[in-house]
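Only one structure is covered here, and it is reproduced in the block below.
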Amino acid sequence: MYKKNAWEQYDEAELAKVEAFAAKYKAYLDAGKTERECVTEAVKLAEAEGFIDLDKVIREGGKLQAGDRVYRNWMGKDIMLFIVGSKPMQEGMNILGAHIDSPRIDVKQNPLYEEEGLAYLDTHYYGGIKKYQWVAIPLALHGVVCKKDGSTVTIAIGEDESDPVFYISDLLIHLAADQMTTPASKVIEGEALNLIVGSQPLKGEEKETVKANVLKLLKDKYDIEEEDFLSAELEIVPAGKSRDVGFDRALIAGYGHDDRVCSYPSMAAVLDYEGTPEYTLCAVLTDKEEIGSVGATGMGAKYFENTVAELYNCVHGYCALGVTRTLQNSRMLSSDVSAGYDPNFAGVFEKKNAAILGRGVCFNKFTGRGGKGGSNDANAEFIAQVRAIMDDANVDWQTAELGKVDVGGGGTIAYICANYGMNCIDCGIAVLSMHAPWEMISKADLYEGYKCYCAFLKGAKAF
Ligand code: MN
Ligand code: MN
């Protein structure tokens with residue numbers, strides 16, 4: 001089945017749209033390097049488009065009707081956007097889902113120490129990373145420090161050109177004879193991911209003078225004590241902005257394409273929706289996918305179901321069976337990045353079922369590992385509906401598996417949403433170097449993803 005390259009169908013006007021959308025995406029990517037920052041940006045964008053806070057509606061005992069636009073910020077780490085449809089919610093929603101957490105390195109709870117004139121923060125990595133990729137590159141520190149008095153200090157250091165950055169050292173090649181022959185999983189051990197944060201002693205101190213200086217700077221600038229690390233969430237990410245790649249600037253290298261390259265266009269499709277939809281529309285951007293969708297902000301929690309119940313109550317008045325039917329009868333694109341076919345590593349892919357960069361948005365009937373283990377396996381009936389929607393809207397799309405059978409595998413949030421009995425398919429954008437500090441995507445695929453989400457919101461229907 002031949003698929004053409006998406007770039008071939010664009011005229012000048014369409015090329016300008018591809019570039020304009022990529023510019024907006026890059027701005028979001030640069031502003032949102034953590035799940036919290038992504039939510040903060042999303043709230044700003046949603047309020048600018050007239051979305052109101054569902055929690056405010058709930059507090060005031062307000063009612064909602066067709067055409068109303070609301071968002072819900074869950075713990076500052078998840079966000080859901082809704083546009084109430086003209087049909088009863090029981091006929092199901094058209095849902096776009098994606099995640100906004102990305103692989104990174106987290107700071108430990110008791111992190112600060114000094115060793116031979118260098119001050120370090122000890123870390124614990126988050127998600128699946130090749131640890132050796134995170135050394136000897138400029139790193140930034142983002143997050144929050146929550147203090148006992150109830151206040152929160154927000155931190156973002158290393159992104160502004162005038163900011164300092166942080167650094168994890170690697171072994172010099174001259175002394176690396178043993179290291180070079182160890183397995184890649186052991187080249188840099190988890191406990192070697194120690195972040196250098198200072199090297200200048202505080203004058204007048206007797207011992208741990210560099211650590212003392214770091215603590216003084218933290219106190220002066222942020223009013224933080226060492227104990228405040230105990231209630232902090234500090235994330236170490238690559239420093240710097242996303243960049244165009246290639247003479248033709250058709251690709252983007254950036255941190256956290258997984259899965260902001262799906263979550264941004266999913267959100268944008270709802271924000272840009274004009275008028276009152278037939279079915280209630282939803283975008284849910286979730287946290288903790290990279291570590292198994294666990295915890296109170298992971299898709300495995302009940303926050304989404306609970307929020308749908310709250311929405312249902314505001315629209316129709318509460319009815320447990322109504323909420324059950326709303327979830328069960330919904331249609332969902334669960335979007336997460338696909339493994340882009342990489343000619344440098346052709347051996348792990350089966351080419352005719354691989355995601356090719358530039359061939360548009362990608363649908364995965366199933367993910368999982370081995371014999372589809374742990375996968376959501378989308379219904380053929382639903383895929384047929386999606387095919388028709390995509391072709392009618394002139395969306396460039398392809399289908400793919402995550403590599404050759406039995407080579408590896410992975411999961412997404414799709415199976416969790418499918419637990420309600422809703423029709424759900426994995427969908428997303430091809431990425432090269434997935435989970436590396438700098439991942440890469442195609443601007444054409446990003447744009448086709450956005451077109452895909454817009455078309456799905458308009459076109460998906462109850463069975
Ligand atoms: Mn992902
Ligand atoms: Mn991932």
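Owing to the predicted nature of the structure, the values given are computational and were not obtained by experimental measurement. Numbers here simply count residues along the sequence, with the first being 1.
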For the pair T297 and D287, evaluate side-chain hydrogen bond (donor to acceptor under 3.5 Å, both in side chains) and give the outcome as yes or no after the intermediate values. CA-CA 6 Å; T297 57; D287 181 30; 2.7 Å; yes

Would you please test H99 and E35 for side-chain hydrogen bond (donor to acceptor under 3.5 Å, both in side chains) and show each step? CA-CA 8 Å; H99 69 93; E35 58 283 5; over 6 Å; no

Walk me through it: do S151 and D149 pass the test side-chain hydrogen bond (donor to acceptor under 3.5 Å, both in side chains)? CA-CA 6 Å; S151 64; D149 65 5; 2.6 Å; yes

Evaluate E191 against K108 for salt bridge (charged side-chain N to carboxylate O under 4.0 Å, His left out), listing each step before the verdict. CA-CA 11 Å; E191 283 296 351; K108 283 188 183 181; 2.9 Å; yes

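In summary, the side chains of R331 and N423 do not present any donor paired with an acceptor at a separation below 3.5 Å, with no hydrogens or angles considered.
Within the 3.5 Å criterion, the main-chain N or O of F366 finds no donor-acceptor partner in the side chain of N364. No side-chain donor-acceptor contact under 3.5 Å links E114 to the backbone of A119.
Distance check: N94 CG to L457 CG gives 6.5 Å after rounding to the nearest 0.5 Å. Atom CG of D396 is separated from atom SG of C362 by 12.5 Å, given to the nearest 0.5 angstrom.
Scanning both residues, S335 and D259, for their nearest heavy atoms gives O-OD2, 2.6 Å.
Ring orientation note: the planes of Y25 and Y264 are tilted relative to one another, at an angle of 30° to 60°. Using a 30° and 60° split on the angle between ring planes, Y447 and Y450 fall in the tilted class, from 30° to 60°.
Around the CG atom of D178, the shell of radius 6.0 Å holds no more than 12 heavy atoms that belong to other residues, nucleotides or ligands.
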